[in-house]
Amino acid sequence: MTETYDVIVVGAGHAGCEAAAAAANMGSKVLLITMDMTKIAQMSCNPAMGGIAKGQIIREIDALGGYSGIVSDKSSVQFRMLNRSKGPAMWSPRSQNDRTLFSIYWRELLEKTPNIHFWQDMVNQILVEKDRVVGVKTDIGIEIKAKTVILTSGTFLNGLIHIGEKNFGGGRSGEKASTGITEQLISLGFEAGRMKTGTPPRVDGRSLDYSKMEPQDGDENPTGFSFLTSRSYLPKQLQCHITYTSPEVHDTLREGFDRSPMFNGAIQSTGPRYCPSIEDKINRFADRDRHQIFVEPEGWNTVEVYVNGFSTSLPQEIQEKAIKKIAGFENARLFRPGYAIEYDYFPPTQLKHTLETKLIKNLFFAGQINGTTGYEEAACQGLMAGINAHQNVKEKDPFELGREEAYIGVLIDDLITKGTEEPYRMFTSRAEYRILLRQDNADLRLTEKGYSIGLASEERKILAESKREKTNGLIKFLENQSIEPDEINPTLKEKNSSTISQKNKASKILSRPELNLNTLINSVEAIKAETEKLNGIKDAVLEQAEILIKYKGYIDREQEMAEKLKRLESIKLHPDFNYSALSSLSAEAVEKLSTIKPATIGQASRISGVNPSDISVLMVHLGR
């Protein structure tokens, strides 16, 4: 090919799609290379998006101008806000999706983006000149030149699929593995490793007895992921179901343990701790006599069902025998068995915060190649790699997010600072500022940042500014509005809350745990009249105002802590800093700091093995 691209994206999974879209929408000329054009944005495992902490990531992607939230909403078959019984820092949106529609909508969006070109082929080599990437070479021998390259290889690098004692090369069921890149990167000085993940069998929904299962409905008023999505976007939803394994199921599964690649040594790599296979679960938690199984539809117009919680690589006949002993699955027919897959990854401590590699300039890694697991974790890495690839090409400042700014910032900092020896999954517990990083305020945190780099649209900016302005106005009104005892006391008695004997400010009464803003709206005419002035974003404004009033003390305290972190992040460390010259540093600190080469004192403080005393030595040396 004679054409030179600004950005070549290798792989069209969740990371690759977001990377291509981001770079192209910011103005770069992009080539998206995939081994199969019909598998763009394929949901390789669970047909669902979001969940605990992952839902926050999707909202952050959306706020910045990415597409995952929009595609998820367009292809949803069910939507739920998880953890509503807990505080707002834990609320996490999740959608069940139509697997086919998800891929179709992603492809449509990409094809409608003028700056994106496509090429179906396998990349087996990157082209490097003087420690700088200059393009790629494909399986059929074509060389394509580019100023930057983003590798988003998923589970395809030397992928090996296991079903019982059988194993064969493949990146996904029915698709061949990708070869050549790992070996080349190792020859260039990169460190590589192996990881493992798995997927459950798919079954024919017509063969299941749902009367023996617990129904699981979506939210009555689903909100969706995207801040551009109408609050009434999903008038009809499909039902999911829950059932359970039993001691009989476990005994049947154990019959195949001697032929399980998990236990007979065939699989040597590390699997996901928080999404273990069913054989791993019954082995590790032998005292439990049952495990939850989530029975999830694959789409509107298919009978195929995903058996969430039954990921396995046991022999096919054992899978079939055991699954038929689950309540409701007595007559189950398999569409295909579950399997495990091993693949290559590159420890992410070899990356900068931008996801550019330290060894090769303008080469970026995003997704499972960095040791993560999950569509959402991959998508946000793709987005950030796409943004920064564009910034490199245009010689603009890198775009980075701090731990106090986004879950995306937490994820990337965790990866490049601590590395990972098992598939990394995001949780709310990983974010020390999770009260600041809620799903409801992702637009207020990030849309202005996305707009400033040319990714988020004017429409998004106007919506976020309107929400902020109206939220602040409502909070000010509630802080100044007095409520008479006779207006609110009947409601307070009904809610088992102490009555008042004199006028109180509305914000003070709202801070009581027994009350919510809707209660005040229904009880106090002045508040009702004020909120009726809000237009299309009324629900979002009410939710935001209530959270900010109720949790003000916690939010202020976290904000203060975040400001302290920012001060540490402002103290830069040179990448060639000679740590061994500081005799007061511990030997472990010298080793870790020299390997990871932290960009700031803040990042250095989060490296495992670097103690507060080591940070003090660095601060003194830097005159701080």
Distance to the ring centre below 6.0 angstrom and angle to the axis at most 45 degrees; does that hold for Arg434 and Tyr407?
no
Which donor-acceptor pairs under 3.5 Å do side chains of residues 38-52 form with protein atoms, sequence neighbours excluded?
unit_1: Thr38; atom_1: OG1; unit_2: Asp36; atom_2: OD1; d: 2.6
unit_1: Thr38; atom_1: OG1; unit_2: Asp36; atom_2: OD2; d: 3.3
unit_1: Ser44; atom_1: OG; unit_2: Arg172; atom_2: NH1; d: 3.0

Can you list the residues that meet the side-chain contact (heavy atoms from CB on, under 4.5 Å) rule with Leu568, with sequence neighbours excluded?
Ile601, Met619
Of all heavy-atom pairs between Ser95 and Phe225, which one has the smallest distance, and what is that distance?
OG-CE1, 3.3 Å
Contacts satisfying salt bridge (charged side-chain N to carboxylate O under 4.0 Å, His left out) that involve residues 374-392 (not counting sequence neighbours) are Lys54-Glu376, Lys54-Glu377
Residue set satisfying ring-ring contact (aromatic ring centres under 6.0 Å, His included) with Tyr5, at least two apart, ordered chain then number -> His117
Where Thr420 and Gly371 come nearest, the two heavy atoms and their spacing:
CG2-O, 3.7 Å
Would you say the side chains of Gln391 and Asp397 form a donor-acceptor pair under 3.5 Å?
no
Carboxylate-amine/guanidinium proximity below 4.0 Å for Lys166 and Glu317:
no
Have Glu18 and Ser68 got a donor and an acceptor in their side chains that come within less than 3.5 Å?
yes
Can you find a side-chain donor-acceptor pair between Gln120 and Thr34 that sits under 3.5 Å?
no
Residue set satisfying ring-ring contact (aromatic ring centres under 6.0 Å, His included) with Phe427, at least two apart, ordered chain then number -> Tyr274
Going by salt bridge (charged side-chain N to carboxylate O under 4.0 Å, His left out), name the pairs with one or both residues in residues 140-153, residues two or more places apart or in two chains.
Asp6-Lys147
Apply side-chain contact (heavy atoms from CB on, under 4.5 Å) to the pair Val307 and Ile323, showing each step before the final yes or no.
CA-CA 10 Å; Val307 191; Ile323 208 168; 4.2 Å; yes
Report yes or no: do Ser92 and Asn83 form a side-chain donor-acceptor pair below 3.5 Å?
no
Residues 148-160 vs side chain to side chain donor-acceptor pair (under 3.5 Å), sequence neighbours excluded, gives Asn158-Glu183, Asn158-Asp344
Just do the side-chain hydrogen bond (donor to acceptor under 3.5 Å, both in side chains) check on Gln603 and Asp413 with the steps written out, would you?
CA-CA 8 Å; Gln603 186 188 356; Asp413 186 65; 4.9 Å; no
Evaluate side-chain hydrogen bond (donor to acceptor under 3.5 Å, both in side chains) for Thr312 paired with Gln319, printing each intermediate quantity in order.
CA-CA 8 Å; Thr312 181; Gln319 293 187 33; 4.6 Å; no
Using 0.5 Å steps for rounding, measure from the CH2 atom of Trp119 to the CD1 atom of Ile140.
5.0 Å
How close do Gly367 and Gln381 get, heavy atom to heavy atom, and via which atoms?
N-OE1, 3.1 Å
side-chain hydrogen bond (donor to acceptor under 3.5 Å, both in side chains) between Ser28 and His390, worked out
CA-CA 6 Å; Ser28 282; His390 169 84; 2.7 Å; yes
For Ser584, all residues meeting side-chain contact (heavy atoms from CB on, under 4.5 Å), sequence neighbours excluded
Val617
Please round to the nearest 0.5 Å and tell me the distance separating atom NZ of Lys566 and atom CD of Glu404.
5.5 Å
Does the side-chain contact (heavy atoms from CB on, under 4.5 Å) test come out yes or no for Leu401 and Glu60, once each step is laid out?
CA-CA 11 Å; Leu401 293 171; Glu60 290 177 352; 5.9 Å; no
Show the numbers, then the answer: is there a side-chain hydrogen bond (donor to acceptor under 3.5 Å, both in side chains) between Ser580 and Asn578?
CA-CA 6 Å; Ser580 59; Asn578 183 10; 2.6 Å; yes
Just by distance, no angles: are the side chains of Ser313 and Glu279 close enough, under 3.5 Å, to form a donor-acceptor pair?
yes
Close aromatic pair by centroid cut-off 6.0 Å: His14 and Phe102
yes
What's the separation between atom CG in Asn388 and atom CD1 in Ile150, rounded to the nearest 0.5 Å?
9.0 Å
For residues Ser608 and Lys418, determine if any side-chain heavy atom of one lies less than 4.5 Å from a side-chain heavy atom of the other.
no
With sequence neighbours excluded, what pairs up with His353 under the ring-ring contact (aromatic ring centres under 6.0 Å, His included) test?
none
Interatomic spacing from CD1 in Ile369 to CZ in Phe364 - rounded to 0.5 Å:
13.5 Å
Please report the C-alpha distance between Leu455 and Leu383 in whole Å, then the side-chain angles of each, then the deciding distance to 0.1 Å, and finally whether the side-chain contact (heavy atoms from CB on, under 4.5 Å) criterion is met.
CA-CA 10 Å; Leu455 183 56; Leu383 181 82; 4.0 Å; yes
Can you measure from CD1 (Ile163) to OG (Ser260) and round to the nearest 0.5 angstrom?
12.5 Å
Is it the case that the side chains of Asn370 and Thr372 hold a donor-acceptor pair, with the cut-off being a distance below 3.5 Å and no angle test?
no
Determine the minimum heavy-atom distance between Ile267 and Ala340, stating which atoms define it.
CD1-CB, 3.8 Å
Does a salt bridge link Arg336 with Glu304, judged by any charged N lying under 4.0 Å from a carboxylate O?
no
Going by the salt bridge (charged side-chain N to carboxylate O under 4.0 Å, His left out) test, which pairs reach into residues 577-604, not counting sequence neighbours?
Glu588-Lys592
Distance-minimising heavy-atom pair for Ala15 and Ala378:
CB-O, 3.3 Å
Measure the spacing between CD1 of Ile387 and OG1 of Thr354 and express it to the nearest 0.5 Å.
11.5 Å
Polar contact flag, side-chain donor to acceptor under 3.5 angstrom, Tyr67-Asn25:
yes
Holding to ring-ring contact (aromatic ring centres under 6.0 Å, His included), I want the full list of residues that pass it with Phe346, two or more places apart in sequence or in another chain.
Phe365
Charged N to carboxylate O under 4.0 angstrom, Arg403 versus Asp414?
yes
Please list all pairs meeting salt bridge (charged side-chain N to carboxylate O under 4.0 Å, His left out) that have one or both residues in residues 347-366, counting only residues at least two apart or in different chains.
Lys352-Glu356, Glu356-Lys361
Presence of salt bridge, Glu421 and Arg194, under 4.0 angstrom:
no
Worked check of salt bridge (charged side-chain N to carboxylate O under 4.0 Å, His left out) between Glu422 and Arg273
CA-CA 7 Å; Glu422 62 186 40; Arg273 179 189 299 265; 2.9 Å; yes
Could you give me the CA-CA distance, side-chain angles and deciding distance for Tyr579 and Leu618, then say whether side-chain contact (heavy atoms from CB on, under 4.5 Å) is met?
CA-CA 9 Å; Tyr579 295 99; Leu618 288 174; 3.9 Å; yes
